[in-house]
2 protein chains.
Amino acid sequence: MTLLRDEGLTVEELAVWRMLQRAQVRITRHLEAELLVAHDLPLASYDVLSQLAEAPERRLRMNDLAGRVLLSRSGLTRLIDRLQRDGLVSREACESDARGLFAVLTDAGAARLAEATPTYLRGVRAHFLDVLGPDEIGHVRELVTRLAGATDAS
Amino acid sequence: MTLLRDEGLTVEELAVWRMLQRAQVRITRHLEAELLVAHDLPLASYDVLSQLAEAPERRLRMNDLAGRVLLSRSGLTRLIDRLQRDGLVSREACESDARGLFAVLTDAGAARLAEATPTYLRGVRAHFLDVLGPDEIGHVRELVTRLAGATDAS
DNA sequence: CTTAGTTTGTTGCACGCACACCTAAACAGT
DNA sequence: ACTGTTTAGGTGTGCGTGCAACAAACTAAG
């Protein structure tokens, strides 16, 4: 694979990227599977609920929310449809802007979130954090911060 | 969020996990978008082609391949259908096991892969590797290896 | 006030994926 | 051989997502 050298990559660098992809996919699937069997709650739904829970007044504009959960606006529309159908979220109009809608966490949604959160946190610990040495976390945090921010510059 | 403490997580640890998720999704999307506009090749297809290219005789059993690209067997069946339709891959029977099938990289597939690889590698460099300090790679490799392997133990 | 342009959220559509089920082939024990 | 079990791969179906097109509401310029 002389192509690698042409682009200035080592085989090690490429392998690291592939393993990261692999690890991320597998961890995410474990997490989702655990949430699903224990609480019938997909990971994307969990993300939405927790974002709302952390937001002031447990409400967020659809657009803001879509950005935070890395979902397209249309995808979020459908996801909120489902959550609303299950009573975990409600839609409320925005008074200052008639086209705006808030997604609002209901009490039932908060309860469901509280119920699922231990499962989620245990999964993050078991599949991710326990694999890191405790002293590594600071280093990884710094690294991941750079990664999350840098992808904007494209 | 006293729930965090109940599970022995710090807010920093949780934030690191979230940012990693975020970074991974964004990098992957950039990569896929670039492959799509430049070569009309989805990332999953690229992965299959490159796995085949690295395999002995450019062929792999469906089951093996499904494991390597983190796809369900049915998902792989459909993906190979598409690649076969486009002439990038062919199916060949296995003589020693009549129910086995090989996915084989065709010359056209190898050509398409060679064409797309620079785009892919440049993307990996730009969105991922450039963000790492060169001295960090060894450390990250070691870490990611643990992550990729550890998720089996569940 | 009118008109052009932008932003917000939703809908039609097609795609890609996983789950459950199915068939055929291999294997195991009797 | 004969029957039950396992494994390889493919098919039917439903779900979740993004893209493009849309309607409604806001904004800005004349």
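All values below come from the heavy atoms of this structure, side chains included, with hydrogens, waters and symmetry mates left out. Naming: A, B, ... by sequence-line order, numbering from 1 per chain.
Atom CG in A/Leu65 sits roughly 12 Å away from atom P in D/dT17 (whole-Å rounding). Nucleotide D/dT17 holds its P atom 9 Å from the CG atom of A/Leu76, rounded to whole Å. D/dG10 atom C1' lies 13 Å from atom CD1 of B/Ile80, rounded to whole Å. Taking atom CG of B/Leu36 as the reference point, atom C1' of D/dA20 lies 15 Å away to the nearest angstrom. Rounded to a whole Å, the CG atom of B/Leu71 is 17 Å from the P atom of D/dA8.
For DNA chain C, the span of nucleotides reached by chain A at under 4.0 Å from its heavy atoms goes, 5' to 3', from C/dT7 to C/dA18.
Atoms CG and CE, on A/Leu14 and A/Met19 in that order, are 10.0 Å from each other to the nearest 0.5 Å.
Between B/Glu136 and A/His139, the side chains place a donor N or O and an acceptor N or O closer than 3.5 Å (distance only, hydrogens not considered). Side chains of B/Tyr46 and B/Thr117: a donor on one and an acceptor on the other come within 3.5 Å.
As judged by a 4.0 angstrom heavy-atom cut-off over every strand, A/Arg61 is placed among residues touching the sugar-phosphate backbone only.
Between A/Arg82 and D/dT17 there is a side-chain polar atom (N or O) within less than 4.0 angstrom of OP1 or OP2.
A residue-by-residue look at B/Arg78 and A/Ala44 shows that B/Arg78 has its nearest nucleotide of DNA chain D further toward the 5' end. Between A/Arg29 and A/Arg73, it is A/Arg73 whose nearest contact on DNA chain C lies nearer the 5' terminus.
Side chain A/Ser74 to base D/dG18: a donor-acceptor pair is found below 3.5 Å.
Near-neighbour residues of DNA chain D inside residues 87-106 of chain A, defined by a heavy atom below 4.0 Å, number-ordered: A/Asp97, A/Ala98, A/Arg99.
For residues 115-128 of chain A, the set of pairs meeting the salt bridge (charged side-chain N to carboxylate O under 4.0 Å, His left out) definition, not counting sequence neighbours, comprises A/Arg122-B/Glu7, A/Arg125-A/Asp130, A/Arg125-B/Glu13.
Side chains of A/Phe102 and A/Arg91 form no contact here, defined as non-hydrogen atoms less than 4.5 Å apart. Considering only heavy atoms from C-beta on, B/Leu49 comes within 4.5 Å of B/Val89 through its side chain.
The local environment of CD in B/Glu142 is crowded, with over 12 non-hydrogen atoms from other residues, nucleotides or ligands closer than 6.0 Å.
Listed for the A/Thr119 side chain is no donor-acceptor partner under 3.5 Å among the backbone atoms of A/Leu35.
A salt bridge does not link B/Glu54 with B/Arg59: every distance from a Lys NZ or Arg NE/NH1/NH2 to an Asp or Glu carboxylate oxygen is 4.0 Å or more.
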